[in-house]
Amino acid sequence: MLIPYYFPIKANEKARIAEQSPRPFNGRIKQLPASGRCRVNCQSKLCVAHMPPEDFDCVVIGAGVQGCFTAYHLAKNGKRTLLLEQFVLPHSRGSSHGQTRIIRKAYEHDFYTHMMAECYQLWAQLEKEAGVQLYRRTGLLLMGPEKGRDFQLFRDTMERNAIPTVTLAPGEFGRHIPHVNRSPGDGAIVDTTAGVLYADRALRAVQEVFRRLGGVIKDGEKVTDVQPGSPVAVTTASGTYRAKSLVITAGPWANTLLSHTELQLPLQVVKINVCYWREKTPGTYAVRNRFPCFLHVDVAEHHIYGLPSNEYPGLVKVCYHMGSETDPDERDRQTDRGDIDVLSRYIARHFPGLVPTPAVVESCMYTLTPDHHFVLDCHPSHRNIVIGAGFSGHGFKFGPVVGKVLCELALGRVPSYDLSPFKIQRFPPHSKSAL
Ligand SMILES: Cc1cc2nc3c(=O)[nH]c(=O)nc-3n(C[C@H](O)[C@H](O)[C@H](O)COP(=O)(O)OP(=O)(O)OC[C@H]3O[C@@H](n4cnc5c(N)ncnc54)[C@H](O)[C@@H]3O)c2cc1C
Ligand SMILES: O=C(O)[C@@H]1CCCC=N1
C-alpha cells in the first residue's frame with residue numbers, strides 16, 4: 001500500500017523495531033579500556049567479538065549504483081569511507097543488477113537534462129579509471145502521440161536544452177527504423193546522445209576504483225540498527241561502526257533502514273518483470289545494426305521502453321515502466337504477469353520481427369515516489385544522515401552525479417545542483433488521521 005505521508009514512528013512501533021534489531025556490541029563496547037584490549041573474556045587485541053568499533057568519516061549503507069558512487073566520491077575527497085552491503089557482492093536482489101541500462105538526455109524536466117551533462121563526463125572518467133567500456137552510443141528513439149502531453153514535454157525539453165536530435169517524419173521513419181510499426185499520429189525523435197550503460201560492469205568498476213582509493217567494502221553485512229547522533233552508529237552482525245556522517249542508499253529497503261531514525265518516506269516498491277523477446281531473424285534489432293534504444297510514451301497506461309539486442313544474442317529487452325507492489329524480501333512471491341500481457345500485445349502490434357512471448361524473464365525492483373522524482377536530502381531531524389532514495393526506475397544513469405551530491409551533503413557542503421525537486425519536504429506533512 002502506498003504510504004501517502006512521511007511521518008515519525010509511534011513510540012510502541014519504535015519499541016517493536018528495537019526488539020527485532022539485535023545490538024550485539026552495545027554495552028560491551030563501553031567496557032573496553034583505552035588500550036583497546038578486550039576485558040570481557042580475554043586479553044587479546046585481536047578479539048573480533050569484542051573489538052572496539054571502527055571509526056570512519058562516513059558510512060554508506062547499500063552497494064547499489066547510488067551507494068557505490070557516493071562511496072567513490074567520498075573516497076576521492078580523501079574521506080575514510082565504509083560501504084556496507086547486506087548481500088555478498090555481486091548480487092541480483094536489488095535494483096542495480098543486470099547487464100544494461102539506458103542513458104539519455106531526453107527527459108520531461110530540465111533539471112534532469114541539466115544533470116545529465118555531467119553524468120556523461122563522469123561515466124567517461126570512470127571508464128578511463130577502470131579501463132573498461134561502460135557506455136555504448138545507440139541513440140534513443142522517442143515515440144508517442146505527437147499531440148500528447150508526455151511527448152511534447154520530452155520534445156520541448158530537448159529543444160530548450162539544444163540536445164542533438166533527429167526528427168523522423170512519417171514518410172522516412174521506416175527507412176531509418178525498419179521493422180517497427182509506427183502508430184498513426186505518433187511523433188518520432190531520436191536523442192542521438194543516448195545509449196546503453198553496461199550496468200553490472202559499471203558496478204564492478206566503481207567498486208574497484210573505490211577500493212583502490214582506500215575505501216572499505218564489507219559485503220554480506222546487513223545493517224540491523226542505526227543510532228543517530230554525532231557520531232552516528234550503525235550495527236551489523238559483525239560489529240558497530242561509528243562515523244561523522246551516514247548515507248542511506250538502501251534502494252527498496254530505504255524505509256526499513258529509516259524506521260530506525262523515526263522517518264518513513266512515501267515509497268512504493270514494485271517488482272519489474274525484465275522481459276527479453278526473441279528476434280525471428282537474428283540481428284533484426286541488433287546493436288551492431290545500429291538499432292537504437294527506444295521509449296514509447298502514452299502507448300499504454302505506463303511507458304514502454306527497450307534496448308537493442310546485445311547482451312543476450314538474438315534477444316531484445318522490452319519492459320513495462322511499472323510493476324506490482326512487493327515486499328523487497330519477498331520479491332519472488334510476487335507473480336503478477338499483467339505487465340507481460342501488456343507487453344505481448346505491444347510487441348505483436350509494433351515489433352513484427354519479435355516473437356510476442358518472452359524468451360527470458362528476469363526480476364528487478366523500482367522504488368517509486370509519488371511524483372517519480374528522487375529523494376536526495378538530509379534527514380529532517382539528523383542532519384548528518386543523508387538519504388538517497390526513490391529512484392523510481394530511472395536512476396541508474398544519474399549514479400555519478402547522485403553520488404557526487406550525496407557526498408556533498410554528507411560533507412556539509414553546498415550541493416552542486418539545486419536539490420529542491422528532490423527534497424523530503426515536498427511530500428505532504430504527516431496528518432494525525434493517517435497514522
Ligand atoms: C528493470 C529495470 C530497468 C531499469 N532501467 C533503467 C534505465 O534504463 N536507465 C536508468 O537510468 N535507470 C533504470 N532503472 C533504475 C535504476 O536501475 C535504479 O534507479 C537504481 O539501480 C537504484 O539504485 P539504488 O542504489 O538506489 O538501489 P539498489 O541497487 O537496490 O541498491 C540498494 C542496496 O542496498 C542494500 N541494502 C539494503 N538494505 C540494507 C541493509 N540493511 N544493510 C546493508 N545493505 C542494505 C541492498 O542489498 C542493495 O544492494 C531500471 C531499474 C529496473 C529495475
Ligand atoms: O531511465 C530510463 O531511461 C528507462 C527507460 C524509461 C523508463 C525508465 N527507465
Side-chain angles (χ1 to χ4, degrees), residues 21 59-71 83-108 112 116 119 140 142 154 191 194-197 199 202-203 206 218-226 234-237 247-260 267 269-275 293-297 302-307 317-323 328-329 331 339 361-368 372 374-376 387-399 402-403 406:
S21 308
V59 170
V60 179
I61 304 176
V65 67
Q66 315 302 7
C68 287
F69 269 107
T70 306
L83 177 58
L84 289 170
E85 168 55 49
Q86 63 180 337
F87 299 123
V88 172
L89 293 169
H91 75 85
S92 55
R93 308 298 307 168
S95 301
S96 300
H97 61 278
Q99 307 267 349
T100 52
R101 293 290 187 277
I102 295 172
I103 179 167
R104 57 186 160 100
K105 290 185 178 164
Y107 254 91
E108 309 96 310
Y112 286 121
M116 282 314 300
C119 285
L140 173 109
L142 173 75
F154 275 98
D191 164 2
V196 173
L197 287 171
L203 286 194
V206 66
K218 297 201 180 206
D219 63 351
E221 272 204 55
K222 179 177 178 170
V223 173
T224 51
D225 191 25
V226 173
V234 300
T235 300
T236 72
V247 180
I248 299 179
T249 43
W253 290 268
N255 269 336
T256 312
L257 264 308
L258 288 171
S259 63
H260 300 290
L267 302 175
V269 179
V270 297
K271 174 181 167 180
I272 302 298
N273 289 311
V274 184
C275 299
C293 295
F294 72 89
L295 174 58
H296 206 153
V297 300
H302 301 278
H303 303 336
I304 290 174
Y305 59 95
L307 293 84
K317 176 153 117 179
V318 182
C319 295
Y320 192 50
H321 188 42
M322 185 44 86
D329 292 316
R331 186 191 75 183
D339 51 344
V361 181
E362 297 175 349
S363 299
C364 195
M365 286 180 284
Y366 285 178
T367 307
L368 300 166
H372 291 199
F374 312 153
V375 173
L376 305 173
I387 301 162
F391 292 96
S392 301
H394 64 112
F396 200 96
K397 63 182 87 56
F398 293 97
V402 163
L406 294 178

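Note that ligands are numbered from 1 as they come in the structure, with each ligand's atoms numbered from 1 the same way.
Of the heavy atoms in Arg93, none comes closer than 4.0 Å to ligand 1. Neither the backbone nor the side chain of Leu197 comes within contact range of ligand 1; no heavy atom lies under 4.0 Å. With a 4.0 Å cut-off on non-hydrogen atoms, Ile61 touches ligand 1 through its side chain and not its backbone. Counting heavy atoms under 4.0 Å from ligand 1, residue His394 touches it through the backbone alone. Contact annotation: for Phe87 versus ligand 1, heavy atoms closer than 4.0 Å belong to the side chain alone. Looking at Val223 against ligand 1, both its backbone and its side chain come within 4.0 Å, counting heavy atoms. Counting heavy atoms under 4.0 Å from ligand 1, residue Phe396 touches it through both backbone and side chain. At a 4.0 Å heavy-atom cut-off, ligand 1 touches Met365 through the backbone alone.
The shortest contact between atom 1 (C) of ligand 1 and any protein heavy atom is with Val274 CG2, 3.5 Å. Counting protein heavy atoms only, atom 29 (O) of ligand 1 is closest to Ser96 OG, 2.4 Å. Among protein heavy atoms, atom 51 (C) of ligand 1 sits closest to Tyr366 CE2, 3.5 Å. Regarding atom 44 (N) of ligand 1, its nearest protein heavy-atom neighbour is Gln86 N, 2.9 Å. Here the heavy atom of the protein found nearest to atom 5 (N) of ligand 1 is Arg101 CD, 3.3 Å.
Listed by atom number, the atoms of ligand 1 under 4.0 Å from Ile102 heavy atoms are 7 (C), 8 (O), 9 (N), 10 (C), 11 (O). Annotation for ligand 1: atoms under 4.0 Å from non-hydrogen atoms of Val65 are 20 (C), 21 (O), 23 (O), 25 (O). Within the listing of ligand 1, atoms 41 (N), 42 (N) sit less than 4.0 angstrom from a heavy atom of Lys222. Listed by number with element, the atoms of ligand 1 under 4.0 angstrom from any heavy atom of Gly393 are 6 (C), 12 (N), 13 (C), 14 (N), 15 (C), 50 (C). Atoms of ligand 1 found under 4.0 Å from any heavy atom of Ala250 (numbered from 1 in listed order, with element): 32 (C), 34 (O), 37 (C), 38 (N). Atoms of ligand 1 lying under 4.0 Å from any heavy atom of Lys397, numbered from 1 in the order shown and given with element: 9 (N), 10 (C), 11 (O). Set against the non-hydrogen atoms of Gly94, the atoms of ligand 1 under 4.0 Å away are 30 (O). Taking every non-hydrogen atom of His91 and a distance limit under 4.0 Å, the qualifying atoms of ligand 1 come out as 47 (O), 48 (C), 49 (O).
If you look at ligand 2, the protein residues with a non-hydrogen atom under 4.0 Å away are Ile102, Arg104, Leu295, Tyr305, His321, Gly393, His394, Lys397.
Not a single heavy atom of Arg104 lies less than 4.0 angstrom from ligand 1. In this structure, Phe398 does not count as a contact residue of ligand 1, since none of its heavy atoms falls inside 4.0 Å of the ligand.
The backbone N or O of Phe391 sits nowhere less than 3.5 Å from a side-chain atom of Thr367 that would complete a donor-acceptor pair.
Inspection of the Gln66 and Thr249 side chains reveals no N or O donor paired with an N or O acceptor under 3.5 Å.
Taking the side chain as every heavy atom from C-beta outward, Phe154 and Arg104 approach each other to under 4.5 Å.
By the side chain to side chain donor-acceptor pair (under 3.5 Å) test, His321 is found to be paired with Tyr366, residues two or more places apart in sequence or in another chain being considered.
For a threshold of 3.5 Å applied to N or O pairs, the pair formed by Ser95 and ligand 1 contains at least one separation below that value.
Taking every heavy atom of both residues into account, Leu406 and Ile387 meet most closely at CD2-O, 3.7 Å.
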